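Have a look at the structure below, then the notes.
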Amino acid sequence: MKTTRRYTMTARAEAVERTRLRLLDATITLAETRLVSQISLDDIAATAGVSVQTLLRHFGNRAGLIDAARQHALTTVGEERRTPVGDPDAAVRTVLQHYERRGDTVLSMLAQEHVDPATKEVTDAGRAFHRSWVVAVFEPMLPSPGAERDELVDLLAVATDVYTWKQLRRDRGLSLAATEQRVRALVGALL
């Protein structure tokens, strides 16, 4: 009897987690095409296939959901951008693959950040994440803390930024391979 109950509790906990993830993913998916402030709880619940009441049971309110979705997105991005420390070629390849998956969405959010405070919170978190990613990945090649280090981090962040990808891939129409070659050349020149 205890085995059955333990199995039921585990299955229930797994179902709750699946529902929570569906709600987070629905929020992120909707944010790809709309201002965050224009996404209603009804829209999120419908996209996730649950009721608004279920959504509220999981997150308490809209602000709780948006904050959890932002954290979930950053975790997902962190997993996608996991890169061996001290390997510039892998760093460039990884970040460009990430932009191939999410770059257009990021650009859309950046275009909205000046008119939507909730979107600005997401893009600010993304900028902070990108800078910390640059520091972590290029750490062995960075000088000691100080102005020279700050300048190099700034330049590496620009070289690996979504706008650099946009200029080469979208504006110039270069292939991914050509874009990777050019970004590697930028990073190599900086290091």
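Heavy-atom basis, side chains included; hydrogens, waters and symmetry copies ignored. This one's a predicted model, so the numbers in the text were calculated from it and none came from an experiment.
No continuous path of ILVMFWY side-chain contacts below 4.5 Å connects Val77 to Ile66, so the two sit in separate hydrophobic clusters. Under the 4.5 Å side-chain heavy-atom criterion for ILVMFWY residues, a single connected hydrophobic cluster contains both Leu155 and Trp165. Residue Phe129 is grouped with residue Leu142 when hydrophobic side chains (ILVMFWY) are merged at heavy-atom distances under 4.5 angstrom, including chains of intermediate members. Hydrophobic clustering (ILVMFWY, side-chain heavy atoms < 4.5 Å, transitive): Val92 and Leu174 are in one cluster.
For the atom pair CD of Gln112 and OG of Ser37, the computed distance is 8.5 Å after rounding to the nearest 0.5 Å. Separating the CD atom in Gln97 from the CD atom in Glu100 is a distance of 8.5 Å, to the nearest 0.5 Å. Annotation: the span from Gln71 atom CD to Thr76 atom OG1 amounts to 11.0 Å, rounded to 0.5 Å. In this structure, the separation between CG on Leu96 and CZ on Arg169 is 9.0 Å, given to the nearest 0.5 Å. Distance check: Glu32 CD to Thr27 OG1 gives 11.5 Å after rounding to the nearest 0.5 Å. Residue Thr33 holds its OG1 atom at 10.0 Å from CD of Gln38, rounded to the nearest 0.5 Å.
Applying the ring-ring contact (aromatic ring centres under 6.0 Å, His included) rule to His130 yields the partners Trp133; only residues at least two apart in sequence or on another chain are considered. By the side-chain contact (heavy atoms from CB on, under 4.5 Å) test, Pro117 pairs with no residue at all, sequence neighbours left out. Residues passing the side chain to side chain donor-acceptor pair (under 3.5 Å) test with Glu139 are Arg149, sequence neighbours excluded. Listed by chain and number, the residues in a side chain to side chain donor-acceptor pair (under 3.5 Å) with Thr105 amount to none (sequence neighbours excluded). The salt bridge (charged side-chain N to carboxylate O under 4.0 Å, His left out) search around Arg172 returns none, not counting sequence neighbours. Under the side-chain contact (heavy atoms from CB on, under 4.5 Å) criterion, Gln167 pairs with Asp171, not counting sequence neighbours. In this structure, the side chain to side chain donor-acceptor pair (under 3.5 Å) partners of Glu80, at least two apart in sequence or on a different chain, are His98, Arg102. Here Arg34 pairs with Asp43 under the salt bridge (charged side-chain N to carboxylate O under 4.0 Å, His left out) rule; sequence neighbours left out. Taking Val122 as the reference, Arg70, Met109 meet the side-chain contact (heavy atoms from CB on, under 4.5 Å) condition, with sequence neighbours excluded.
Contact record, Gly86 with Met141: CA-CE, 3.4 Å, taken as the closest heavy-atom pair. Residue Leu190 comes nearest to Ala159 through the heavy atom pair CD1-CB, 4.1 Å, listed as atom of the first residue, atom of the second, then distance. Residues Pro140 and Val137 approach most closely at CD-O, 4.1 Å, considering heavy atoms. When all heavy atoms of Asp116 and Val36 are compared, the pair lying nearest together is OD2-N, 3.1 Å. Closest of all the heavy-atom pairs between Thr160 and Leu156 is OG1-O, 2.8 Å. Counting all heavy atoms, side chain and backbone alike, Phe138 lies closest to Val187 at CE2-CG1, 3.8 Å.
Cluster partners of Val85 are absent, since no Ile, Leu, Val, Met, Phe, Trp or Tyr has side-chain heavy atoms less than 4.5 Å from it. Apart from Leu35 itself, the hydrophobic cluster it occupies contains Val115, where clustering links Ile, Leu, Val, Met, Phe, Trp and Tyr at side-chain heavy-atom distances under 4.5 Å. Hydrophobic cluster membership for Phe59: Leu21, Leu23, Leu24, Leu30, Ile39, Leu41, Ile44, Val50, Val52, Leu55, Leu56, Leu65 (Ile, Leu, Val, Met, Phe, Trp, Tyr linked by side-chain heavy atoms under 4.5 Å, directly or transitively).
In this structure, Thr94 contributes its side chain and Ala91 its backbone to no donor-acceptor pair below 3.5 Å. For Tyr99 (side chain) and Val162 (main-chain N/O), a donor-acceptor pair under 3.5 Å exists by modelled atom type. Judged purely by atom type and a 3.5 angstrom limit, Thr164 uses its side chain to pair as donor or acceptor with the backbone of Val158.
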Exercise. Do Glu17 and Arg22 pass the salt bridge (charged side-chain N to carboxylate O under 4.0 Å, His left out) test, and can you show the C-alpha distance, the side-chain angles, and the key distance before you say yes or no?
Worked result: CA-CA 9 Å; Glu17 183 59 18; Arg22 275 199 333 267; over 6 Å; no
For this session: For side-chain contact (heavy atoms from CB on, under 4.5 Å), just list the numbers for Gln181 and Arg184, CA-CA rounded to whole Å, side-chain angles, deciding distance to a tenth of an Å, and then say yes or no.
Result: CA-CA 5 Å; Gln181 183 274 326; Arg184 279 185 182 173; 5.8 Å; no
Exercise. What do the steps show when you test Leu110 against Tyr163 for side-chain contact (heavy atoms from CB on, under 4.5 Å), and what is the final call?
Worked result: CA-CA 10 Å; Leu110 288 166; Tyr163 284 119; 3.4 Å; yes
For this session: Decide yes or no on side-chain contact (heavy atoms from CB on, under 4.5 Å) for Val16 and His58, but give the supporting numbers first.
Result: CA-CA 9 Å; Val16 166; His58 280 271; 3.6 Å; yes
For this session: Please assess Asp154 against Arg131 for the test salt bridge (charged side-chain N to carboxylate O under 4.0 Å, His left out), listing each intermediate value before the final yes or no.
Result: CA-CA 8 Å; Asp154 288 342; Arg131 187 172 181 84; 2.6 Å; yes
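Considering only heavy atoms from C-beta on, Leu191 comes within 4.5 Å of Pro88 through its side chain. A 4.5 Å side-chain heavy-atom check between Asp87 and Asp89 finds at least one atom pair inside the cut-off. Within the 4.5 Å cutoff, no side-chain heavy atoms of Arg182 are placed close to those of Leu186.
One side chain, Thr123 or Glu113, offers a donor N or O that lies under 3.5 Å from an acceptor on the other. Side-chain contact check for Arg57 and Thr54: at least one donor-acceptor pair (N or O, by modelled atom type) lies under 3.5 Å.
In this structure, Arg170 pairs ionically with Asp104, as a charged nitrogen and a carboxylate oxygen lie closer than 4.0 Å.
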